[in-house]
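The structure under discussion appears below in the form of structure tokens.
So you know, we letter chains A, B, ... as the sequences are listed, proteins then strands, and number each from 1.
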There are 2 protein chains.
Amino acid sequence: MVFQADDYIPNISYDSVIFGFSGEKLKILILEYHNTGTFALPGGFIRKDEDLDRAVKRGLSERTGIDQIYLEQFHTFGALHRSNPAVMRRIFEGQGIVMKDHWIFDRFISVGYYALINYDTVSPKPDALSDSIGWYNFDSLPELMQDHNQIVEKALEHLRNHLDQKLLSFNLLPEFFTMKDLQQVYEAILGENQNRANFQRKMLGLGILERHEKLYSGGSHKAPFLYSFRKVKSDS
Amino acid sequence: MVFQADDYIPNISYDSVIFGFSGEKLKILILEYHNTGTFALPGGFIRKDEDLDRAVKRGLSERTGIDQIYLEQFHTFGALHRSNPAVMRRIFEGQGIVMKDHWIFDRFISVGYYALINYDTVSPKPDALSDSIGWYNFDSLPELMQDHNQIVEKALEHLRNHLDQKLLSFNLLPEFFTMKDLQQVYEAILGENQNRANFQRKMLGLGILERHEKLYSGGSHKAPFLYSFRKVKSDS
DNA sequence: AAATATTGTTTCTTTGTGAAACAATAGTAA
DNA sequence: TTACTATTGTTTCACAAAGAAACAATATTT
């Protein structure tokens, strides 16, 4: 996996913040690079002959094994010193690759994307550059390379502001879920508790939920309804 | 003004949507290129040794004569065929500059910014590449080059969604203004009428307005108060 | 001095929200 | 079987916010 200079647009990259939800906590997908102890967001480059959006989908699929996810662009990071050639160099050397000059050591302006995926049904796989990929609790992330911690902050901010509008939460849950599941997703993202009765009223009022049989058999109490999201339009 | 390849990051540009308010209508600043009848948003490139944000401020100042404005990044446009080398070529030829190969004819991914400025106190000046710069009503824009019409749409969408949060409107008004002025700005941006009494309540409730003497002497009726925005924090 | 237009405020009604209480029910323990 | 318990779905109540209309104030014109 040595990037050919002719294939990619120089100086532009993307970084992605992949959110998952464990049933209790909000989590983020983080890569660790071989032999360097460097943690990073999954990112990549754009080919000269592909759309930016497509590049992100392709790259993410290559690096994490995850396909068909809803991606949302949220900000482009262009500070002069956000890239650090020394760190990139160490990552490649950690793999035994030594390159003197390479376009990958240049300055990069990076477009940030975030996605929400179902924590339970996805099993991410690390690519050749990385020796591990894993979920980390949002509130106890390791220190990430370059400005990636800031990128995560900004992604969450954007997600919070658009949670209601876009009902992004549907990506974090299995097909069928209870009202409590949904509320826990909201609470994990917003970082604050929601009123149970009002939350239910609001969600049902949106008219986007379909109520199903009570199939859940958890504890010694009344069984909750199961819900699914009403399909409206597919996102390409 | 021939851009040197060594000075600029290739394949990345910015485009800016500069909103103004005439006292009645929402307007946007548009450039027209020499001899080509091509209309475009003010845009530019990023130097290899400057922050993205700074580059936009600098470039905008060079191309329009406008300084010290509040800029907000809203989206990055990266579709494969959004750039059109043929159009760029015509613009340069229209100026008598003929170049066979130039990095400027490459594909560009463009970062979109918008700004809000005071229509009355600003007199934009076109740069060497353009023969005119002018205000156009948002609802009757000419056809713009490449995907610039889409960029404008997206900017307005973003502005509408964030109007209340950031009180961006203060940039569109002179230092002193009436409550009616403020309401008209909101109505122009949101595209719908606001209730007079409630608008006043809401704005005063925000605690960001300072009320001054009634100095206005317009028509045959009660004089309105003048207001100004309470200064909180300056934006670098 | 009356008329008029517009502004600032108040009042009334409707709607939405937060908190608590009530009702229903699937399992558990006696 | 029957009481008990935990949790869910719904309702009620108090209060705040929002929409609409009425009322009061006032600078200018007639």
Side-chain angles (χ1 to χ4, degrees), chain A residues 21-24 160-165 167 169 173-230, chain B residues 21-24 160-165 167 169 173-230:
Chain A
F21 180 69
S22 70
E24 194 184 347
R160 282 184 175 158
N161 288 335
H162 296 82
L163 188 55
D164 267 334
Q165 295 170 37
L167 252 304
S169 52
L173 288 168
E175 187 176 358
F176 296 98
F177 51 88
T178 67
M179 189 58 74
K180 183 164 196 173
D181 292 336
L182 184 59
Q183 185 171 342
Q184 283 178 320
V185 168
Y186 267 71
E187 290 176 345
I189 293 176
L190 297 177
E192 62 186 21
N193 294 340
Q194 303 289 113
N195 179 278
R196 193 172 58 90
N198 298 325
F199 183 81
Q200 174 132 329
R201 254 194 311 213
K202 189 190 254 175
M203 287 301 131
L204 294 180
L206 291 175
I208 53 163
L209 294 181
E210 203 145 350
R211 178 179 279 185
H212 303 275
E213 293 302 305
K214 301 181 178 186
L215 294 172
Y216 185 82
S217 73
S220 58
H221 51 76
K222 182 175 181 179
F225 288 111
L226 287 181
Y227 294 89
S228 67
F229 287 100
R230 194 164 283 160
Chain B
F21 180 69
S22 70
E24 193 185 348
R160 281 183 176 159
N161 288 335
H162 296 81
L163 187 56
D164 266 335
Q165 295 170 37
L167 252 303
S169 51
L173 289 168
E175 187 176 358
F176 296 98
F177 52 88
T178 67
M179 188 59 73
K180 183 164 197 172
D181 292 336
L182 183 58
Q183 184 171 343
Q184 283 179 318
V185 168
Y186 267 70
E187 289 176 345
I189 293 176
L190 296 176
E192 61 185 20
N193 293 340
Q194 303 289 113
N195 179 280
R196 193 172 58 90
N198 299 323
F199 182 82
Q200 173 133 328
R201 252 195 312 213
K202 189 190 254 175
M203 288 300 130
L204 294 180
L206 290 175
I208 52 162
L209 295 180
E210 203 145 349
R211 180 178 277 183
H212 304 274
E213 292 302 304
K214 303 181 178 185
L215 294 172
Y216 186 77
S217 74
S220 58
H221 51 75
K222 182 176 180 178
F225 288 111
L226 287 181
Y227 294 89
S228 66
F229 287 101
R230 193 164 284 160

Below 4.5 Å, heavy atoms only, C-beta onward: do S228(A) and H212(A) meet side chain to side chain? yes

Just one of R201(B), Q200(B), K202(B) clears the side chain to side chain contact (heavy atoms under 4.5 Å, CB included) bar with L204(B), so which one? Q200(B)

Counting side-chain heavy atoms from CB outward, which of [options] is closest to [X]?
| X | options | result |
| --- | --- | --- |
| N195(A) | dT7(C), dA21(C), dG18(C) | dG18(C) |
| K222(B) | dA19(C), dG9(D), dG8(C) | dG8(C) |
| M179(B) | dG8(C), dA20(C), dA5(C) | dG8(C) |
| A197(B) | dA21(D), dA27(D), dT10(D) | dA21(D) |
| H221(A) | dG18(C), dA6(D), dG9(D) | dA6(D) |

Which residue lies more 5' along DNA chain C, comparing L204(B) with R196(A) via nearest heavy atoms: L204(B)

Plane angle bin for H162(A) and H162(B) - parallel if under 30°, tilted between 30 and 60°, otherwise perpendicular: tilted

Parallel under 30°, tilted from 30 to 60°, perpendicular over 60°: which one fits the rings of F177(B) and F229(B)? tilted

Has Q200(A) got a side-chain N or O lying under 4.0 Å from the OP1 or OP2 atom of dT10(D)? yes

Nearest-Å distance for atom pair [atom1]/[atom2], residues [X] and [N]:
| X | N | atom1 | atom2 | result |
| --- | --- | --- | --- | --- |
| E213(B) | dT7(C) | CD | P | 18 Å |
| F225(B) | dT9(C) | CZ | P | 6 Å |
| K180(A) | dT7(D) | NZ | P | 6 Å |
| F199(A) | dT7(D) | CZ | C1' | 17 Å |

Sort me out a list of protein N/O and nucleotides 16-18 of chain D N/O pairs below 3.5 Å, or just none if empty.
none

Any donor and acceptor pair, going by atom type alone, linking the side chain of E187(B) with main-chain N or O of Q194(B) inside 3.5 Å? yes

